[in-house]
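The structure appears below as structure tokens.
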Amino acid sequence: MTDESAIRNRAALAGTPARALALECLDAGIAAADPRRVVREAVGIDGDVLTVAGTRYDLGDYEELVVLGGGKAARGVAAALEAALGDRIDRGAVVTDGADDADPLERVDALAGDHPVPSERGVESARRVLELADGAADETLVLAPITGGASALLPAPADGISLADLRATTDALLDSGAAIGEINAVRKHLSALKGGRLAARAAPATVVGLVLSDVVGDDFGVVASGPVVADDSTYEDALGVLDRYDLDAPASVRDRLTAGARGEVAETPSVGDPVFERVSVHLLASARTALDAAAETAREAGYEPLILSSRVRGEAREAAKTHVAVAEESLLTGDPVAPPAVVLSGGETTVTVTGDGEGGPNLEFALSAAASIDASGVAIASLDTDGRDGGTDAAGGIVDAETVGDRLSADDARDALADNDALAALDAADCAVRTGPTGTNVNDLRVLAIADPSEPSE
């Protein structure tokens, strides 16, 4: 069990053994993905030899060590690097959303940005990161924390693209239901930093990417829009995203993408580009990190854990119905796992926004599950491990068969789903999970706690 809960309202949400266990599993997943913890486990120093995930780097080969990067977990990564390396770090800057701002940094500047829509201060902070990258030389070792959220936190609009146009495009993409890889294909081609361009700016330095992944499949080219890895997307791909989702992008955006597709603007660096000759990237944490920790917590509680998938995607409300069906099958037949059991999944669902309400994929998942389930002894919880689902102040929600009817009418639940207003509905039912910013981000974590039907539920 975790010593300290990240869930601020956990005591109020517990209620039943299934709900209490589901919350415990969520806590374990968040704790396992803490950037300080994963850096301590992956990074070591022995004399002049730095080891990152088993790869050795001789610090004697370099004249300076610089830390550059961004994302919701970047400050925690930088803090852990300072703890390990101390004054061996010469300078650095990471851009974050303010999570864990009490964590002291002495060698690395913690700069502010905003998420999920880029801001002016994010542009200024990204400019500082690029300036430090431009100052890197052949004998510079760059440690690059690359974590979820950096696509918005490190905006760096390309020439001819205003921040206002970038914001409008980001808003449209986020509301469209597009997958994160599609969204980031557009972002890369509107940026001076993404799609391998940070590595290009730092070349010929040695660059070591330290990745906490928040994307399905842990594609380094998608995490944070791949600032230090080769890009396999193109301007034509980005235009295809706009067309596929019928997005009314600003003229400057469409003009740049069209010019790029015609070969009039340089493409992002791709596989084989010499700027990547001295770049290595290491995965420190992912959705699987959180899932494995949650599974162990379930096992310790006497429940059989089953990890359904770390790659769940699609519309949140539809994915919820599938998860409810798994819980019902478990109770009825013992498949795919017999109660008492905990079924877990990770990944990233999406919401196609058609209403004016407030919510996010995890909140909508929870509300849809509440409207679908009638099996007692089952608790269904879903949260974004960064602590903010869809830009709300809630991480997600936890529901059971009593949520709709007892706490929330079926009509109100349906109306809230139609208006994409899951947060208000779950708040009304006292089912919203609140953590505040967690300082990490390994995407969504979903828990189905299925109690033994022969045991009392209260």
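Since we're looking at a predicted model, the values are computed, not measured.
In this structure, a donor-acceptor pair under 3.5 Å is absent between the side chains of Thr349 and Glu315. There is a side-chain donor-acceptor pair under 3.5 Å between Asp27 and Ser5. In this model, a donor atom of one side chain and an acceptor atom of the other lie less than 3.5 Å apart for Thr234 and Asp237. Using modelled atom types and a 3.5 Å distance limit, the side chains of Asn443 and Asp214 yield no donor-acceptor pair.
Here Arg37 pairs with Glu41 in a salt bridge; the nearest charged N to carboxylate O distance falls below 4.0 Å. Under a 4.0 Å N-O distance rule, the pair Arg167/Asp165 does not qualify as a salt bridge. In this structure, Arg121 pairs ionically with Asp114, as a charged nitrogen and a carboxylate oxygen lie closer than 4.0 Å. Ion pairing between a basic and an acidic side chain is recognised when a charged N comes within 4.0 Å of a carboxylate O; Asp386 and Arg388 show no such pairing.
For the pair Arg317 and Phe365, the cation does not sit on the ring face, since its NZ or CZ is not both under 6.0 Å from the ring centre and inside 45° of the axis.
Taking both residues in full, the closest heavy atoms of Ser213 and Leu283 are given as CB-CD1, 3.7 Å, listed atom of the first, atom of the second, then distance. When every heavy atom of Leu423 is checked against every heavy atom of Ala432, the shortest pair comes out as CD1-CB, 4.2 Å. Closest of all the heavy-atom pairs between Phe276 and Ser270 is CE1-O, 3.7 Å. Scanning all heavy atoms of the two residues, the minimum distance from Ala224 to Ile146 falls at CB-CG2, 3.6 Å. The shortest non-hydrogen separation linking Thr297 to Ala28 is OG1-CB, 3.1 Å. Thr352 and Gly177 get closest at one heavy-atom pair: OG1-CA, 3.7 Å.
Between the side chain of Lys72 and the main chain of Thr147, no donor-acceptor pair closer than 3.5 Å is present. The backbone N or O of Asp444 lies less than 3.5 Å from no partner atom in the side chain of Glu348, so there is not a single donor-acceptor pair. Judged by distance alone, the side chain of Glu364 and the main-chain N or O of Asn420 form no donor-acceptor pair under 3.5 Å. Remark: side-chain polar atoms of Thr140 are paired, donor with acceptor, to backbone N or O of Ala137 under 3.5 angstrom. Of the possible donor and acceptor atoms, none in the side chain of Ser225 sits under 3.5 Å from a partner among the backbone N and O of Arg187. No donor-acceptor distance shorter than 3.5 angstrom exists from the side chain of Thr96 to the backbone of Gly71, with no hydrogens or angles considered. The backbone N or O of Gly355 sits nowhere less than 3.5 Å from a side-chain atom of Asp419 that would complete a donor-acceptor pair. Not one N or O on the side chain of Thr258 forms a donor-acceptor pair closer than 3.5 Å with the backbone of Asp255. The main-chain N or O of Val66 is never found under 3.5 Å from a side-chain atom of Asp90 such that the two would form a donor-acceptor pair. With Arg8 contributing its side chain and Thr435 its backbone, the two residues share a donor-acceptor pair below 3.5 Å.
Put simply, the side chain of Ile89 reaches to within 4.5 Å of the side chain of Glu82, judged on heavy atoms. When side chains are defined from C-beta on, Leu13 counts as touching Val433, because their heavy atoms get closer than 4.5 Å. Counting heavy atoms from C-beta on, the side chains of Ile380 and Ile398 never come closer than 4.5 Å. Leu130 places a side-chain heavy atom less than 4.5 Å from the side chain of Leu193. Here the side chains of Pro269 and Asp231 are not in contact, with every heavy-atom distance at 4.5 Å or above. By the 4.5 Å heavy-atom criterion applied to side chains, Leu445 and Ser382 are not counted as neighbours. In this structure the side chain of Arg128 reaches within 4.5 angstrom of the side chain of Leu111, judged on heavy atoms. For the pair Pro118/Leu163, a side-chain contact is recorded, criterion being any heavy-atom separation below 4.5 Å from C-beta on.
Between the CZ atom in Arg201 and the CZ atom in Arg197 there is a gap of 10.0 Å [rounded to 0.5 Å]. The CZ atom of Phe220 lies 7.0 Å from the CG atom of Asp218; values are rounded to the nearest 0.5 Å. Here the straight-line distance linking atom CD1 of Ile180 with atom CG of Leu174 works out to 7.5 Å at 0.5 Å rounding. Taken to the nearest 0.5 Å, the CZ atom of Arg313 stands 12.0 Å off from the OG atom of Ser345. Annotation: the span from Asn184 atom CG to Ser191 atom OG amounts to 10.5 Å, rounded to 0.5 Å. Taken from CG in Leu210 to NE2 in His282, the straight-line distance is 7.0 Å, to the nearest 0.5 Å.
In the displayed structure, Asp134 atom CG is contacted under 6.0 Å by more than 12 heavy atoms of other residues, nucleotides or ligands. The local environment of CG in Asp61 is crowded, with over 12 non-hydrogen atoms from other residues, nucleotides or ligands closer than 6.0 Å. Annotation: Glu267, atom CD; neighbour count of heavy atoms from other residues, nucleotides and ligands within 6.0 Å is above 12.
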Show your reasoning for whether side-chain contact (heavy atoms from CB on, under 4.5 Å) applies to Val77 and Val94.
CA-CA 9 Å; Val77 174; Val94 293; over 6 Å; no
Check the pair Arg254, Asp243 against salt bridge (charged side-chain N to carboxylate O under 4.0 Å, His left out), reporting the backbone distance first and the verdict last.
CA-CA 10 Å; Arg254 192 167 282 279; Asp243 293 339; 3.2 Å; yes
Check the pair Asp48, Arg88 against salt bridge (charged side-chain N to carboxylate O under 4.0 Å, His left out), reporting the backbone distance first and the verdict last.
CA-CA 10 Å; Asp48 279 343; Arg88 292 174 187 260; 3.2 Å; yes
Go through the steps to decide whether Leu50 and Leu143 satisfy the test side-chain contact (heavy atoms from CB on, under 4.5 Å), and finish with yes or no.
CA-CA 11 Å; Leu50 172 68; Leu143 300 182; 4.1 Å; yes
Is there a salt bridge (charged side-chain N to carboxylate O under 4.0 Å, His left out) between Asp292 and Arg288 once you walk through the steps?
CA-CA 6 Å; Asp292 287 344; Arg288 194 76 199 195; 3.3 Å; yes
Does Arg434 form a salt bridge (charged side-chain N to carboxylate O under 4.0 Å, His left out) with Asp427? I'd like the steps, not just the answer.
CA-CA 10 Å; Arg434 284 184 164 83; Asp427 266 340; 2.8 Å; yes
Please assess Asp46 against Thr51 for the test side-chain contact (heavy atoms from CB on, under 4.5 Å), listing each intermediate value before the final yes or no.
CA-CA 8 Å; Asp46 183 8; Thr51 303; over 6 Å; no
CA sep, side-chain torsions, deciding dist, call: Tyr62, Thr206, side-chain contact (heavy atoms from CB on, under 4.5 Å):
CA-CA 9 Å; Tyr62 305 99; Thr206 296; 3.4 Å; yes
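For the side chain to side chain donor-acceptor pair (under 3.5 Å) test with Tyr235, the passing option among Arg256, Glu264, Lys188 is Arg256; the others fail.
Applying the side chain to side chain contact (heavy atoms under 4.5 Å, CB included) rule to Asp138 yields the partners Pro204, Arg278; only residues at least two apart in sequence or on another chain are considered.
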